[in-house]
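What you see is a predicted model, and the numbers here were worked out from it, not measured in a lab. Along the sequence shown, the residues carry numbers beginning at 1.
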Amino acid sequence: MALEVCVKAAVGAPDVLGDCPFSQRVLLTLEEKKIPYQMHLINVADKPQWFLEANPEGKVPVLKVDGKWVPDSDVITQILEEKYPEPSLVTPSEYASVGSKIFGSFVQFLKSKDASDGTEQTLLAELSALEEHLKAHGPYVNGDKISAVDLSLAPKLYHLEVALGHFKSWSVPENLTHVKSYMKLLFSRESFVKTQAEKKYVVAGWEPKVNP
């Protein structure tokens, strides 16, 4: 039986998959584990009544598990791993936090209006740390095998590439060759191609945050 999952619809296009990286992380997990699912697109600007009744916080993604709606991509992916252990997407605990500060650093830099405030340097330091890890352990964070940490990072790196390219004409430096190869590897996976938001919807999602 297909699992039900609620994810963000695109800004201005309620019938199209939207730009939420946490929603995509859950969809990637379902795809990589080959779990059948039924997707409900939620227009976050006009949330349907049934959705708010099922999930009063109104946040996406949520997954229906044993008759209950469960929020939070960390919790959802953990439940999916326990209920559907094959193929395993477990990341070894020593690698679980690899790249975990990249998204926060990206958001700070994206919103920054001051070129000398250090936000770009902070992001570059985080990307350089990922570069060193991949150089030693790649092509994925845990070697040859894709795992949960990659599925969390993939949508965030996609947002970084699209949003910084659009709003700041910025891209990952050429010398970070392992990071660039890693992004290409992730973005070309069938699961990613199937679950990614179109670039214009990623831009539309960030627009109000960048230019409030």
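- By the criterion of side-chain heavy atoms lying less than 4.5 angstrom apart, applied directly or through intervening Ile, Leu, Val, Met, Phe, Trp or Tyr residues, L27 is grouped together with I76 in one hydrophobic cluster.
- The six-membered or imidazole ring of F106 lies near that of F103, with a centre-to-centre distance under 6.0 Å.
- Counted by atom type alone, E32 and S191 present one or more donor-acceptor pairs between their side chains at under 3.5 Å.
- Under a cut-off of 6.0 angstrom, the local environment of NZ in K194 is sparse, with at most 12 non-hydrogen atoms contributed by other residues, nucleotides or ligands.
- Distance check: M183 CE to L134 CG gives 11.5 Å after rounding to the nearest 0.5 Å.
- Counting non-hydrogen atoms of neighbouring residues, nucleotides and ligands closer than 6.0 angstrom, the CD atom of E4 exceeds 12 such neighbours.
- For the residue pair S112/D114, the side-chain donor-acceptor check at 3.5 Å is not satisfied.
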**Prompt:** Stepwise, does the side chain to side chain contact (heavy atoms under 4.5 Å, CB included) test hold for S128 with L176?
**Reply:** CA-CA 7 Å; S128 299; L176 298 179; 4.0 Å; yes

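- Summarising the local packing, NZ of K180 is surrounded by more than 12 heavy atoms from other residues, nucleotides or ligands at distances under 6.0 Å.
- K145 contributes a side-chain N or O that, together with a main-chain N or O of S88, makes up a donor-acceptor pair within less than 3.5 Å.
- Taking every heavy atom of both residues into account, W170 and V172 meet most closely at CZ3-N, 3.8 Å.
- Under a cut-off of 6.0 angstrom, the local environment of CD in E94 is crowded, with over 12 non-hydrogen atoms contributed by other residues, nucleotides or ligands.
- A distance of 6.5 Å separates CG of L52 from NZ of K47, quoted to the nearest 0.5 Å.
- With 3.5 Å as the limit, one finds a donor-acceptor pair spanning the side chains of N211 and E207.
- In the hydrophobic clustering of ILVMFWY residues, with side-chain heavy atoms under 4.5 Å counting as a link, V65 and F51 come out apart.
- Of all non-hydrogen atoms in Y201 and V16, the two that sit nearest each other are CE1-CG1, 3.6 Å.
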**Request:** Could you check S100 against E126 for side chain to side chain contact (heavy atoms under 4.5 Å, CB included), going step by step and ending with a plain yes or no?
**Result:** CA-CA 9 Å; S100 63; E126 294 300 336; over 6 Å; no

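- In plain terms, the two heavy atoms of R25 and S73 that are nearest each other are NH1-OG, 3.1 Å.
- Taking hydrophobic clusters as Ile, Leu, Val, Met, Phe, Trp and Tyr residues chained together by side-chain heavy-atom distances below 4.5 Å, L89 does not share a cluster with L3.
- In this structure, CG on D66 lies 11.0 Å from NZ on K64, to the nearest 0.5 angstrom.
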**Prompt:** Between F22 and K8, does a side chain to side chain contact (heavy atoms under 4.5 Å, CB included) hold up when you go through it step by step?
**Reply:** CA-CA 9 Å; F22 306 99; K8 183 183 176 186; over 6 Å; no

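- Of the residues I79, L30, I35, the one that meets the side chain to side chain contact (heavy atoms under 4.5 Å, CB included) test with Y84 is I35.
- With rounding to the nearest 0.5 angstrom, the CG atom of D72 is 12.0 Å from the CG atom of L63.
- A pairwise comparison of heavy atoms in T195 and L17 identifies O-CD2, 3.1 Å as the closest pair.
- When all heavy atoms are compared, the tightest approach of H40 to W69 is CD2-CH2, 4.1 Å.
- Here CD of Q24 is found 10.0 Å from OG1 of T29. Values are rounded to the nearest 0.5 Å.
- L41 and L28 are not part of a single hydrophobic cluster, where members link through side-chain heavy atoms under 4.5 Å apart.
- One hydrophobic cluster, built from ILVMFWY side chains closer than 4.5 Å, cannot hold both V44 and V7; they sit in different ones.
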What pairs of donor and acceptor atoms, side-chain ones from residues 149-160 against any protein atom, are under 3.5 angstrom apart with sequence neighbours left out?
unit_1: D150; atom_1: OD1; unit_2: V141; atom_2: N; d: 3.2
unit_1: D150; atom_1: OD1; unit_2: Y182; atom_2: OH; d: 2.6
unit_1: D150; atom_1: OD2; unit_2: S147; atom_2: N; d: 2.9
unit_1: S152; atom_1: OG; unit_2: K156; atom_2: NZ; d: 3.3
unit_1: Y158; atom_1: OH; unit_2: Q196; atom_2: NE2; d: 3.2
unit_1: Y158; atom_1: OH; unit_2: A197; atom_2: O; d: 2.6
unit_1: H159; atom_1: ND1; unit_2: W206; atom_2: NE1; d: 2.9
unit_1: H159; atom_1: NE2; unit_2: D19; atom_2: O; d: 2.7

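- Summarising the geometry of Q38 relative to A2, their closest heavy-atom pair is N-CB, 4.1 Å, with the distance given to 0.1 Å.
- Residue T119 holds its OG1 atom at 9.5 Å from CG of L110, rounded to the nearest 0.5 Å.
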**Item:** Trace of the side chain to side chain contact (heavy atoms under 4.5 Å, CB included) decision for K200 with V162
**Value:** CA-CA 9 Å; K200 64 180 177 182; V162 174; over 6 Å; no

